[in-house]
Amino acid sequence: MFDYLIVGSGFFGAVCAYELKKKGKKVLVLEKREHIGGNAFTRDNHGIQVHEYGAHIFHTNDKAIWDYVNDLVPFNRFTNSPLAMHKGKLYNLPFNMNTFNQLWGVITPDEAKAKIAEQRSEMENIKPSNLEEQAISLVGRDMYETLIKGYTEKQWGRPADELPAFIINRLPVRFTYDNNYFSDKYQGIPIGGYTKLFDVLLGGIEVRLNCDYLSDRDNYNKLADNIIYTGPIDSYFNYEYGELEYRSLKFKHSILPTANFQGNAVINYTEKDVDFTRIIEHKHFDFTDAEHTVITHEYPADWKLGDEPFYPINDDKNMKLFKKYRSLAKMEKGMIFGGRLSEYKYYDMHQVIRSALNTIGKIG
Ligand code: FAD
Ligand code: UDP
């Protein structure tokens, strides 16, 4: 009945669906949630676009990807400049001259470099092998203790010296007074929210919501010769080798009768004993003028089977397990596995889109 069955309507599934439709293929999308868009989904709340699964800011250096998404829907000029709250004091992020000034009172880049060099000396001759060592060797112990350690340990639910170093390399360290969280050339948010973009990607395509492919896979398999699967890879194989681990999140959304709650889209709370990691105020993502506001407290959470799998835990143990599943996946005829959950990868949106386009490109 269909050329392709696509499991999941997040960026990977939706871009594949859009590209296949352009090639004249008949596509069916199954989505187990009650909405499209995966974790990038935004829900309208009286004119405010709420990022239901956490703040999503589109940023990329890949001009072709930036042009691709802007051809779908217009983007605004949002630039992510989060603040970090620690013991009642606000700091700018990412680590830049403003942060160094707030922490140490230094004014010039040379003063900041000298201070960091002094702080880094404890890491001399040590090759960083975990997040704690990597963070101290990047910005020194003061910054680590104030802005990184507490946030990281509550976010990931384990000590920073047991976490892979690469996680912290996502954050830039700059010697300019520039609070832009990302260093990419292009950045913004779809005007009117991400769901508008997914409406375009999935326009004219049959999408069945509230449908879990795995609950009836024998019947769904009969509908198409080819399947693109974007769910968790271990679930596809019935956890044959065991469960891959994730970190989960809980979101508490609140509507408040005030026009401006915190004056910024994102404020991180870096102390370990504050139990949430950030407060998001959604109207600042798209400069909405409304009399009310919607805020979200983001709480990190342990993950167990059945919870939403948000962040893959790419440590050695889980990567070994993932590779076993990947070998099984390679042997599955007519199946393509892609996206954050199937590739068990800490992908950003632009990377997932690139990966989906490459996948469809290979199909020909
Ligand atoms: P998903 O969005 O997870 O989509 C997979 C879909 O498959 C889901 O809708 C799921 O319900 C569905 N599905 C799974 N199993 C089944 C099944 N058995 N049957 C039917 N449907 C199924 N990226 C950025 O670029 N910038 C950011 O600022 C950013 N912030 C983030 C913040 C948070 C809190 C998180 C968790 C991620 C963030 N990301 C960000 C990453 C971004 O969310 C992902 O790159 C993107 O959503 C991945 O798309 P995907 O299609 O691979 O997966
Ligand atoms: N991080 C931190 N303090 C902060 C913000 C981030 O220590 O105020 C660390 C933390 O370990 C986090 C990592 O940097 O997991 C990457 O941050 P990013 O904002 O990229 O996380 P994500 O957007 O994936 O939640």
Side-chain angles (χ1 to χ4, degrees), residues 5-16 29-41 51-60 80 82-86 91 93-95 99 131-132 134-135 139 143-144 146-156 160 163-172 181-182 184 187 189 194 198 208-217 220 228-233 235-236 246-249 251 266-270 277-278 280 285 296 298 300 308-312 338-343 345-353 355-356:
L5 173 67
I6 299 185
V7 180
S9 67
F11 265 109
F12 196 92
V15 168
C16 287
V29 176
L30 296 183
E31 171 53 61
K32 75 173 178 193
R33 294 181 184 169
E34 42 96 20
H35 60 73
I36 56 172
N39 289 341
F41 168 72
H51 297 214
E52 288 231 340
Y53 302 93
H56 276 70
I57 299 112
F58 201 97
H59 57 96
T60 183
N80 195 25
L83 293 159
M85 175 78 85
H86 182 261
Y91 297 86
L93 288 173
F95 312 113
T99 335
L131 194 149
E132 175 168 301
Q134 181 68 10
V139 287
M143 194 86 68
Y144 171 68
T146 313
L147 299 179
I148 300 173
K149 184 175 162 58
Y151 185 96
T152 296
E153 294 191 341
K154 60 185 174 180
Q155 171 84 334
W156 294 98
L163 285 164
F166 80 87
I167 294 176
I168 198 71
N169 294 343
R170 288 166 63 87
L171 302 193
Y181 200 59
F182 303 112
D184 290 342
Q187 184 172 174
I189 289 185
Y194 285 91
F198 285 98
R208 295 188 194 165
L209 298 176
N210 303 305
C211 278
D212 183 345
Y213 164 76
L214 296 177
S215 68
D216 195 12
R217 74 166 99 184
Y220 288 128
I228 298 181
Y229 180 80
T230 74
I233 190 162
S235 67
Y236 179 87
Y246 289 89
R247 192 74 185 136
S248 198
L249 296 168
F251 299 103
V266 183
I267 301 190
N268 292 358
Y269 284 75
T270 59
T277 43
R278 16 187 190 199
I280 308 298
F285 286 124
T296 300
E298 192 172 310
E308 286 293 348
F310 284 113
Y311 296 104
R340 219 183 204 210
L341 301 170
S342 263
E343 296 179 61
K345 214 168 172 174
Y346 196 9
Y347 262 146
D348 277 331
M349 294 179 278
H350 62 283
Q351 296 165 320
V352 173
I353 296 173
S355 165

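Just follow the structure's listing: the first ligand is 1, and inside any ligand the first atom is 1.
Protein residues lining ligand 2, listed by chain and number: Leu93, Leu147, Ile148, Tyr151, Thr152, Gln155, Trp156, Ile167, Ile168, Arg170, Leu171, Tyr181, Asn268, Thr270, Arg278, Tyr311, Tyr346 [non-hydrogen atoms, distance under 4.0 Å].
Every residue was checked against the ring pair (Phe, Tyr, Trp, His ring centres under 6.0 Å) condition with Tyr181, not counting sequence neighbours, and none meets it. Contacts of His350 classified as ring pair (Phe, Tyr, Trp, His ring centres under 6.0 Å), with partners at least two apart in sequence or in another chain: His59. Here Val7 pairs with Tyr213, Ile227, Tyr229 under the side-chain contact (heavy atoms from CB on, under 4.5 Å) rule; sequence neighbours left out.
Considering only non-hydrogen protein atoms, atom 5 (C) of ligand 1 sits nearest to Thr230 OG1, 3.8 Å. From the protein, the heavy atom lying nearest to atom 47 (O) of ligand 1 is Asn39 CB, 4.0 Å. Among all non-hydrogen protein atoms, the one lying nearest atom 15 (N) of ligand 1 is Gly231 CA, 3.6 Å. With hydrogens left out, the protein atom closest to atom 4 (O) of ligand 1 is Gly10 CA, 3.5 Å, a heavy atom. Protein heavy atom nearest atom 43 (O) of ligand 1, with residue, atom name and distance: His56 NE2, 2.7 Å. Residue, atom and distance of the protein heavy atom nearest to atom 22 (C) of ligand 1 are Lys32 CG, 3.8 Å. Of the protein's non-hydrogen atoms, the one nearest atom 25 (O) of ligand 1 is Met349 N, 2.8 Å. Nearest protein neighbour of atom 7 (O) of ligand 1, counting heavy atoms only, is Gly8 CA, 3.2 Å.
Annotation for ligand 1: atoms under 4.0 Å from non-hydrogen atoms of Val7 are 16 (C), 17 (C), 19 (N), 20 (C), 21 (N). When each atom of ligand 1 is checked for a heavy atom of Leu30 under 4.0 Å away, the hits are 20 (C), 21 (N). Those atoms of ligand 1 that come under 4.0 Å of a heavy atom in Gly38, given as number and element, are 2 (O), 4 (O), 8 (C), 9 (O). Numbered from 1 in the order shown, with element, the atoms of ligand 1 that lie under 4.0 Å from a heavy atom of Arg33 read 11 (O). Using a 4.0 Å cut-off to heavy atoms of Leu249, the atoms of ligand 1 that qualify are 34 (C). Within ligand 1, counting atoms from 1 as listed, the ones closer than 4.0 Å to a heavy atom of Gly339 are 52 (O).
In terms of modelled atom types and a separation under 3.5 Å, the side chain of Tyr220 and the main chain of Cys211 share no donor-acceptor contact. Between the Glu153 side chain and the Ala160 main chain, a donor and an acceptor come within less than 3.5 Å of each other. The backbone N or O of Gly54 lies less than 3.5 Å from no partner atom in the side chain of Arg278, so there is not a single donor-acceptor pair. At least one donor-acceptor pair under 3.5 Å links the side chain of Thr270 to the backbone N or O of Thr146. A donor-acceptor pair is defined here as one N or O able to donate and one able to accept, closer than 3.5 Å; such a pair exists between the side chain of Ser248 and the backbone of Glu308. With hydrogens and angles disregarded, a donor-acceptor distance shorter than 3.5 Å links the side chain of Ser342 to the backbone of Gly231.
When every heavy atom of Ile6 is checked against every heavy atom of Gly13, the shortest pair comes out as CG2-CA, 3.6 Å. In terms of heavy-atom proximity, Pro94 sits nearest to Thr99 at O-OG1, 3.2 Å. Considering all non-hydrogen atoms of both residues, Ile280 and Ala55 come closest at CD1-CB, 3.8 Å. Contact record, Phe12 with Ile228: CE2-CG2, 3.9 Å, taken as the closest heavy-atom pair. Residue Gln351 comes nearest to Asp348 through the heavy atom pair OE1-N, 2.6 Å, listed as atom of the first residue, atom of the second, then distance.
Just one of Tyr346, Tyr347, Tyr246 meets the ring-ring contact (aromatic ring centres under 6.0 Å, His included) condition when paired with Tyr311; it is Tyr346. Considering His51, His35, His56 as possible partners of Phe41, the one that fulfils the ring-ring contact (aromatic ring centres under 6.0 Å, His included) test is His35.
Heavy atoms of Tyr53 found under 4.0 angstrom from ligand 1 belong exclusively to the backbone. The proximity of Ile36 to ligand 1, defined as any non-hydrogen pair under 4.0 Å, does not occur for either the backbone or the side chain. Proximity of Val352 to ligand 1, defined as any heavy-atom pair under 4.0 Å, is confined to the side chain (atoms from C-beta onward). At a heavy-atom cutoff of 4.0 Å, ligand 1 is contacted by the backbone of Ala55 but not by its side chain. Only the backbone of Cys211 comes within contact range of ligand 1, with a heavy atom under 4.0 Å; no side-chain atom does.
Between the choices Tyr311, Tyr346, Phe310, Phe198, the shortest heavy-atom distance to atom 33 (C) of ligand 1 belongs to Tyr311.
Residue Glu31 has at least one nitrogen or oxygen atom sitting less than 3.5 Å from a nitrogen or oxygen atom of ligand 1, judged on distance alone. The N/O atoms of Ile57, backbone and side chain alike, include one that comes under 3.5 Å of an N/O atom in ligand 1. At least one N/O-N/O distance between Asp212 and ligand 1 falls below 3.5 Å. Among the atoms of Asp348, some N or O lies under 3.5 angstrom from an N or O of ligand 1. The shortest N or O to N or O distance between Arg278 and ligand 1 is not under 3.5 Å. Between Arg340 and ligand 1, at least one pair of N/O atoms sits closer than 3.5 Å. Residue Phe251 has no nitrogen or oxygen atom sitting less than 3.5 Å from a nitrogen or oxygen atom of ligand 1, judged on distance alone. Looking at ligand 1, you'll find an N or O of Phe11 within less than 3.5 Å of one of its N or O atoms. Taking any N or O of Gly54, backbone or side chain, none lies under 3.5 Å from an N or O belonging to ligand 1.
Looking at heavy atoms from C-beta onward, Asn268 lies out of side-chain contact with Thr277 at the 4.5 angstrom threshold. Ile57 has its side chain within reach of Gln187: a pair of non-hydrogen atoms, C-beta onward, lies under 4.5 Å apart.
In this structure, Tyr347 is part of the shell of residues with a heavy atom less than 4.0 angstrom from ligand 1. Contact analysis leaves Tyr236 out of contact with ligand 1, as no non-hydrogen atom separation drops below 4.0 angstrom.
With hydrogens and angles left out, the side-chain atoms of Asn169 and Gln134 include a donor and acceptor closer than 3.5 Å.
Relative to the ring axis of Phe11, Arg340 does not place its NZ or CZ within 45° and under 6.0 Å from the centre.
With values rounded to the nearest 0.5 angstrom, Leu341 atom CG is found 10.0 Å from Phe310 atom CZ.
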